[in-house]
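One structure is given here, and the rest of the page talks about it.
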Amino acid sequence: MQLLIEQRKAKIEAIRALGVDPYPYRFDPANTTREIVADPERFSEQPVSIAGRLMSIRGKGKTAFAHIQDAEGRIQIYVRRDAVGETPYSIWNLLDIGDIIGVKGPVFVTHTGETTVQVTEFVVLCKSIRPLPVVKEQMVEGERRVYDDIRSNVELRYRHRSIDLIINPEVREVFRKRSQILQSVRRVLEDRGFIEVETPALQRVYGGANARPFKTHHNALDIDLYLKISPELYLKRLVVGGLERVYDLSKNFRNEGIDRTHNPEFTMLEAYQAYADFNDMMALTEAVYVESCLKVNGTTTISLQGREINLEPPWERVEMVEAIGKHAGISVENLSDEELLSMVRVHDPDAPAVLSRGMLIADLFEYRVEKELTGPVFVTNHPEETSPLCKASRTRPGFIERFEPYILGYEIGNAYSEMNDPVRQRQLLEAQAAHREVDGEVPPVDEDFLRAMEIGMPPTGGLGIGIDRMVMVLTDQASIRDVIAFPTLRPADARDADTP
RNA sequence: GCCUCCAUAGCUCAAUGGUAGAGCAGCGGACUCUUAAUCCGUUGGUUGAAGGUUCAAGUCCUUCUGGGGGUACCA
């Protein structure tokens, strides 16, 4: 490795010795590889100029073929010594795979049929000194076949995303789509009169969800602060203040496990609409998903892990207890608490006997039903013990007006008809806080939030949508690490762990 | 956290407990329509780390590190 880098550094000096700066300041790529490949005829008369990274080189003495890759694709170039000149051709011979160059010249089609730029002029834009993993590929019946499969080296892909992006065009596509989805989500909300606001990432009192927070310290104030686990309590303060439609689209941080659908920092949309209830939030959820899906896939049907799923609204709605009956064949109403507990203990032998009936129902749903939900489906009316921030169900006593949308077993959001009775809100939060001894994840009571509630919040619908999972669903990626450019990983080297 | 599988050259992978190898990349040479270019020659290794068993360890054992999959936590 060190040898390879030394060899390339020597080439930099050789290039400089020929009077050429291997790190110039700018270049004007007037064309893209994609537009040229799409319509070579158009460029047969006037020369094109493109820039990109050298991805393969086939030297043949006084001529050479190579491929260069830009943001949108690859194109073959053809370099002849008698076309570019003696000195430039010796510079050409100092180039490696991975270098970035700009080329100019007319376009032609080789007699094997590949669109190619006949290089009349080229410039070195960046000499690379660290070799890329070499991927050999071949087109077979229009299908791209990779011989050395770099995708299998996931560690390299996540730790060195630059390399992953260079080598795997489909990875670039996922992040391009992620950007389009964020744009689309914002557009749906702006079109409906929502305004984007920001809530503190550093919070004195964390809340709005049950999760372990990251703790940090502010030196000047000498106080401990927590990273935001949810923007909820701050967004509601803004609704109290008269910003009737607000949303926060930003990172949340939860100090918990990492798996295929969880990353410690993740992107969340939370939207609050005054004078609305959870029915309005269902319509909003459908709009956010459908609009974004149309934007990146051009259709409302997605292909997800081999399944075809249609997102066309209206999505199915099913109450949680009905879903348990339908998918697990259990009629919760006819079971005693003891029977429920024993059913939960089939899946979690350590389930504490003190669990309330509502929590047992929620657990049973999680163990027996969640995976079965192909969806899209809104699971509604959760047991009241599952959240203190939600209003009671209008139809089912002991339950609340909440829903979670599911697609292929993924919980992709959460919404309430928000609690706005300040007296009841205080009771619920204080009752929950009393359980902190038992459940370390219960947040402390946020007095300032309760004070805002006492001033009065209009009836409000609130919606949270996990954006990373949304990107997974809309781009058919099985791991959250494939939709977050720099997922949280253990330090590769133990020494890194001590580096601040 | 627990279970399980994996870690060998820049990349993809071989090597029955017995001299660490191949292809590609790299380096030198030949070649003016190649495309997994071809041909000749060639460099490159603390086998993830540390211990142990053995005459002998990439291979067996233990621990550690990193990763994958599963599971738990994540209302």
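Here the structure is a predicted model, which means the values were calculated and not measured. To find a chain, count down the sequence lines: A is the first, B the second, and so on, and within it residues start at 1.
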Give one of base, sugar-phosphate or nothing for A:E114, where a contact means two heavy atoms less than 4.0 Å apart. base
Compute whether any side-chain donor of one residue and acceptor of the other, for A:D164 and A:Y158, lie under 3.5 angstrom apart. no
Counting only Watson-Crick or G-U wobble pairs whose two distances fall under 3.5 Å, which nucleotide matches B:C27? B:G41
At 4.0 Å (heavy atoms only), tell me whether A:N414 reaches a base, stays on the sugar-phosphate, or touches nothing. nothing
Between A:R58 and A:Q76, is there a side-chain donor-acceptor contact under 3.5 Å, judged purely by atom types and distance? yes
Of all residues at least two apart in sequence or in a different chain, which pass the side-chain contact (heavy atoms from CB on, under 4.5 Å) check with A:A83? A:R80, A:Q118
Distance check needed: B:G66 P versus A:I258 CD1, whole Å only. 12 Å
Categorize A:R260 for me: base, sugar-phosphate, or nothing, with a 4.0 angstrom heavy-atom threshold over every strand shown. sugar-phosphate
Starting at the 5' end of RNA chain B and moving along, which residue's nearest nucleotide shows up first, A:L489 or A:L95? A:L95
Taking only the C1' atom of each, what is the distance from B:U62 to B:G26 in whole angstrom? 39 Å
With a 3.5 angstrom cut-off on both distances, give the Watson-Crick or G-U wobble partner of B:C13, or none if there isn't one. B:G21
Could I get a table of every N or O pair under 3.5 Å where one atom is in the protein and the other is in nucleotides 30-32 of chain B?
from	atom 1	to	atom 2	distance (Å)
B:C31	N3	A:G61	N	3.1
B:C31	N4	A:G61	N	3.0
B:U32	O2	A:R80	NE	3.3
B:U32	O2	A:R80	NH1	3.3
B:U32	O2	A:R80	NH2	3.1
B:U32	N3	A:D82	OD2	3.1
B:U32	O4	A:D82	OD2	3.1

Rounded to the nearest Å, what distance is computed from the CZ atom of residue A:R212 to the P atom of nucleotide B:A75? 12 Å
Of the listed nucleotides (B:G26, B:G66, B:A75), which one gets closest to any side-chain atom of A:S387? B:A75
May I ask you to verify if any side-chain N or O of A:R58 is less than 4.0 angstrom from the OP1 or OP2 atom of B:A37? yes
From A:I324 atom CD1 to A:M343 atom CE, the distance as rounded to the nearest 0.5 Å: 9.5 Å
First of A:K371 and A:E366 reached from the 5' end of RNA chain B, by closest nucleotide: A:K371
Take atom C1' in B:C27 and the same atom in B:A49, then report the distance between them in whole Å. 32 Å
Assigned partner base of B:U4, Watson-Crick or wobble definition, under 3.5 Å: B:G68
Interatomic distance, A:L3 CG vs B:U42 C1' [rounded to whole Å]: 12 Å
Watson-Crick or G-U wobble mate for B:G58, both contacts under 3.5 Å: none
Let's test this: given Watson-Crick or G-U wobble pairing with both distances under 3.5 Å, identify the partner of B:U34. none
Closest of B:C33, B:G68, B:A75 to the A:F65 side chain is B:C33
Which of these nucleotides, B:U43, B:G26, B:A75, is closest to any side-chain atom of A:D96? B:G26
Are side-chain N/O atoms of A:N414 and A:R402 paired as donor and acceptor at under 3.5 Å? yes
Given the C1' atoms of B:C31 and B:C39, what is the spacing between them in whole Å? 9 Å
Taking the C1' atom of each, how far is B:G17 from B:U53, in whole Å? 12 Å
Can you tell me how far C1' in B:G51 sits from the matching atom in B:C13, rounded to whole Å? 29 Å
Give me the distance, rounded to whole Å, that separates B:C5 from B:U47 when you measure between the P atoms they each carry. 24 Å
In whole angstroms, the gap separating C1' of B:G67 from NE2 of A:H160 amounts to 12 Å
With sugar-phosphate meaning primed atoms plus P, OP1 and OP2, does A:Y367 contact a base, only sugar-phosphate, or nothing at under 4.0 Å between heavy atoms? sugar-phosphate
Taking atom types as modelled, find out whether A:R53 and A:Q69 have a side-chain donor-acceptor pair closer than 3.5 angstrom. no
Roughly how many Å is it from OH in A:Y158 to C1' in B:G67, rounded to a whole number? 11 Å
Answer with base, sugar-phosphate or nothing: what part of the nucleic acid does A:H67 contact at a heavy-atom distance below 4.0 Å? base
Which pairs, with at least one residue in residues 36-69 of chain A and sequence neighbours excluded, count as a ring pair (Phe, Tyr, Trp, His ring centres under 6.0 Å)? A:F65-A:Y78
With rounding to the nearest 0.5 Å, note down the distance linking OH in A:Y416 to NE2 in A:H382. 8.5 Å
For the C1' atoms, the ones on B:G70 and on B:U38, what distance do you get once it is rounded to whole angstrom? 48 Å
Would you tell me whether A:N420 and A:K391 have side-chain atoms, one donor and one acceptor, within less than 3.5 Å of each other? yes
What I'd like to find out is whether the side chain of A:F175 reaches to under 4.5 Å of the side chain of A:R161, using heavy atoms alone. yes
Could you tell me the separation between the CZ atom of A:R157 and the C1' atom of B:U12, rounded to a whole number of Å? 16 Å
Provide the distance between the two P atoms, one in B:A15 and one in B:A9, to the nearest whole Å. 15 Å
Taking atom C1' of B:U34 as reference, at what distance in whole Å does atom CD1 of A:I75 sit? 15 Å
Calculate the interatomic distance between A:E401 atom CD and B:A75 atom C1'; express it in whole Å. 18 Å
